[in-house]
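Remember, it's a predicted structure, so these values are computed and weren't measured experimentally. If you read the sequence from its start, that first residue is 1, and numbering goes on from there.
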Amino acid sequence: MFYTILYIILTACSENYLFVLIMCAAVTVRLAFFPAASIRQILRGTEGVVLISILLLLPAVFMGNPQTLANITARVYVSVTLVGILSAETSWNKLTGSLRTFHVPTLFIFTLDITLKYISILGEICVDILRAVSLRSVGKNPDKAKSFSGVLGITFLKSSEMAEEMYASMCCRGFTGEYQLKQKYRLCRYDILHILLMAGCVVVFLELNRPFV
């Protein structure tokens, strides 16, 4: 996680487009070591964001600034692909454990953990309710505001019920709101390699972004 955040920050802060191109090449090479299914999964999330950035920056091309489109699109590609790589090779419990290693407050970790896990469940509940409303509706519904408020009310009641059930189950399992690390982290060869790559990336960033006198 630390390496990913550092690479994203360096790419975003670089004033030299050559460094951004180097990061694009490095991320693409790293992506090549994944299986084909993982590559498709990562690029599926990347291509959507890149296309949106191209569409938003397309007017800059007609205004005589095509380098803006290439520069920002490359930065978006690097950032989103790095996040995709982190998500593909790291499980969620390890991500929360790494946040605790950096002494992030447990309240923030708990909120992030619960929000990301249950927002999809609430989304599925909303979709099921809307499908049920559409199946029971005949013809046009002139009072759409009433139906919409009903969907929101049912979703709120469901979320409140799920929150109470989750709290009860966590209390039964002895969870006190504190994330405990079962084992201490030890450096391995893979980590040493990443530290060397990180140091090399920082050196290249400083050299390429050094002001010329």
**Asked** Under a 4.5 Å cut-off applied to non-hydrogen side-chain atoms, are Ile8 and Val83 in contact?
**Response** yes
**Request:** Sequence neighbours left out, what passes side-chain hydrogen bond (donor to acceptor under 3.5 Å, both in side chains) with Thr4? Give chain and number order.
**Result:** none
**Message:** Could you report the tightest heavy-atom contact between Leu6 and Met198, atom names first, then the distance?
**Reply:** CD2-CG, 3.0 Å
**Message:** A quick test of your reading: do over 12 heavy atoms of other residues, nucleotides or ligands sit less than 6.0 Å from OH of Tyr17?
**Reply:** yes
**Message:** Test your reading of the model: is there a side-chain donor-acceptor pair from Asn71 to the backbone of Gln67, 3.5 Å cut-off?
**Reply:** no
**Item:** Between Tyr77 and Ser53: side-chain donor-acceptor atoms closer than 3.5 Å
**Value:** no
**Item:** Atom of Leu10, atom of Phe19 and distance for their closest heavy-atom approach
**Value:** O-CE2, 3.7 Å
**Message:** For residues Leu197 and Leu206: do they belong to one hydrophobic cluster (side chain heavy atoms under 4.5 Å, members Ile, Leu, Val, Met, Phe, Trp, Tyr)?
**Reply:** yes
**Complete:** Tightest non-hydrogen contact, residues Cys201 and Met23, listed as SG-SD, 3.8 Å
**Message:** Test of understanding: clusters of I, L, V, M, F, W, Y form through side-chain heavy atoms closer than 4.5 Å, transitively. Do Leu208 and Ile9 belong to the same one?
**Reply:** yes
**Request:** Please report the shortest heavy-atom distance between Tyr7 and His194, naming the atom on each side.
**Result:** OH-O, 4.1 Å
**Message:** Are Leu18 and Val27 connected into the same hydrophobic cluster when the rule is that any two of I, L, V, M, F, W, Y join if their side-chain heavy atoms are below 4.5 Å apart?
**Reply:** yes
**Item:** Closest approach of Val49 to Val80 (non-hydrogen atoms, all atoms of both residues)
**Value:** CG1-CG2, 3.8 Å
**Request:** Kindly give the heavy-atom pair with the smallest separation between Gly84 and Ile42, and that separation in Å.
**Result:** O-CG1, 3.8 Å
**Linked, directly or transitively: Leu193 and Leu86 (ILVMFWY side chains, under 4.5 Å)** = yes
**Request:** Could you work out the complete set of other residues in the hydrophobic cluster of Ile52, with links drawn between I, L, V, M, F, W and Y side chains under 4.5 Å apart?
**Result:** Leu56
**Item:** Heavy-atom side-chain contact between Gln41 and Phe34 under 4.5 Å
**Value:** no
**Request:** Answer with yes or no whether the hydrophobic clustering places Val76 together with Ile5; edges join I, L, V, M, F, W, Y residues whose side-chain heavy atoms lie under 4.5 Å apart.
**Result:** yes
**Within-4.5 Å side-chain heavy-atom neighbours: Phe205 and Asn16** = no
**Asked** How far apart are the C-alpha atoms of Glu207 and Val204, what are their side-chain angles, what is the distance that settles it, and do they pass the side chain to side chain contact (heavy atoms under 4.5 Å, CB included) test?
**Response** CA-CA 5 Å; Glu207 287 293 327; Val204 173; 5.8 Å; no
**Message:** Keeping Arg75 on the side-chain end and Thr11 on the backbone end, is there a donor-acceptor pair under 3.5 Å?
**Reply:** yes
